[in-house]
Number of protein chains: 2
Amino acid sequence: MPAEISHNTDDPASAAPLGTAIDRLPADLRPDARRNRERVLKAAREVFAAQGIDAPMSTVARRAGVGVATLYRRFPTRSALLAAAFDDQLAECATVFEEALADPNPGHGLYTLLETVCTTLVTDRGFDTVFMTGFPEALDCGRERACAEAGLNHLVQRALDAGQLRKDFDTADIPLLLLAVSGLAGQPPETALPAARRLLTYLFQSFQAHPPSRPGPLPPAPRMDLTGPHRTDGV
Amino acid sequence: MPAEISHNTDDPASAAPLGTAIDRLPADLRPDARRNRERVLKAAREVFAAQGIDAPMSTVARRAGVGVATLYRRFPTRSALLAAAFDDQLAECATVFEEALADPNPGHGLYTLLETVCTTLVTDRGFDTVFMTGFPEALDCGRERACAEAGLNHLVQRALDAGQLRKDFDTADIPLLLLAVSGLAGQPPETALPAARRLLTYLFQSFQAHPPSRPGPLPPAPRMDLTGPHRTDGV
DNA sequence: ACGTAAATGGACGGCACCGTCCACCTGACC
DNA sequence: GGTCAGGTGGACGGTGCCGTCCATTTACGT
């Protein structure tokens, strides 16, 4: 089938193929459509947070009180929905990141940053996967991510220079820590959250350049069940 | 349909309903069946290790070079297959556990135990989920697990008494550590393995009762990508 | 060699989810 | 009020996996 490499060149609409509604700005939407869009996003956030990003689309639609067609019209692919649903949280994440960079005390900035991110990671199952996988297809992760990595390097370097981190600390220890924390994400939030805090504390005490002879206090240890869902997939 | 509550009472074989092959000891199997059984187990270990315990049964069957019916005949449910497939590793795990309990130096025993377990966790994706969820349905986890927990308590207590662990260490920190390590399980083994070792070292340095003023060396930091599969599922 | 029961593989119906299509509403504009 | 593009919901075909059923093959005892 060599000739006519798709692109159906005879269709005049091919210049603006999908120009009906999908790629329109939310502001141009008819009010009812706009309202439904918001409902879908809200439902998506809730469902993905609870069940993970593999939750059936129909579940999201039902929860939003709309049909699947409406959902697919606004967000043609799961990735599109995910990107839109987690956009706020990702932006918030970026804000915290900037704050950390601006903190005069790099060690403190780093700790606060990680504490915030980890809290979200462990509380929102969907955000966990989205953040961790970086979603190559959904986000312009190229620039974004490179920039984040550069910022992280800078932050770590400052903390090292300030003598707040042990000399053999490596920037790669940050993703390491994030992955470790996201391992707790399967637990129910009420145990995962204190667990994450305790883990973070343990690790930060290890990261210190000159640990005090008597280590600082730990947040309380939750009763870990680990007979829980762990991750295999949806509820 | 009140009368005759199934059980087709007229069938004389109903006394030993399924006594054909499923519940027979492997030894009584016909040699070809026995060989196939082994093939299936081998394939299951490989596939589950690589793809996780949700891998399609047909994949296992194909890899074993048998039909699905053969697989289901030997292992009527996925859990049964999992239990059989991971039985060896679980037993080996128990052995290492006993060795740890027998170690005159409790801290060293604990460390070795965890290092071994973590290595397996991070290398074998299927074992990770099986071990972590404990598989209530598949294993007689009741006694087994209670016993393990008791042993763990004992081990930790001995290490505490020996002054090898900080006073605020809690037995729950062990599952915490395991979960954290299993968070690395999504990474490809060649980075997950060094990552796990480094994480373990960091944590153990934090667990110490009296950390030296200059902390011990760390195993090398792997290049962490975290744009990897992470976990969502499938390949 | 032959009969029988165990063993096998692939086909099949069932199910859950995906993503599209279409016939029917509805809000904006004349 | 009428028109119509934009919006909607549910039905529908497609796909992948599950677990069973059955016609055929294979090993073992005689």
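Note that the coordinates shown come from a computational prediction; the quantities given were computed from them, not determined experimentally. The sequence lines fix the lettering, A, B, ..., with proteins before strands; numbering per chain opens at 1.
The CG atom of B:Asp28 sits 15 Å away from the C1' atom of C:dA5 (whole-angstrom rounding). When the P atom of D:dG19 is taken as reference, atom CG of B:Leu81 falls 11 Å away, rounded to whole Å. Between the CZ atom of B:Phe75 and the C1' atom of C:dA7 there is a distance of 14 Å, given to the nearest Å.
For C:dC17, neither phosphate oxygen OP1 nor OP2 lies less than 4.0 angstrom from any side-chain nitrogen or oxygen of A:Ser58. Neither OP1 nor OP2 of C:dT8 sits under 4.0 Å from any side-chain N or O of B:Arg73. In this structure, A:Thr70 does not reach the D:dG7 phosphate: none of its side-chain N or O atoms is under 4.0 Å from OP1 or OP2. Put simply, A:Arg62 has no side-chain N or O that comes within less than 4.0 Å of OP1 or OP2 on D:dG9. For A:Asn36 and D:dG7, the shortest distance from a side-chain N or O to OP1 or OP2 is not below 4.0 Å.
Taking only side-chain atoms of A:Pro56, from C-beta outward, the nucleotide of D:dT20, C:dG9, C:dC18 with the closest atom is C:dC18.
Annotation: the terminal axes of the helix from C:dA1-D:dT30 to C:dC30-D:dG1 meet at 10°, where each axis is the rotation carrying the C1' atoms of four end pairs onto the next four (5 pairs per end, rounded to 10°).
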How would nucleotides 24-30 of chain D be written as a contact map, 5' to 3', with B for base contact, S for sugar-phosphate-only contact and - for no contact, using protein heavy atoms under 4.0 Å? --BSS--
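Remark: B:Asp32 engages B:Arg30 in a side chain to side chain donor-acceptor pair (under 3.5 Å) (not counting sequence neighbours).
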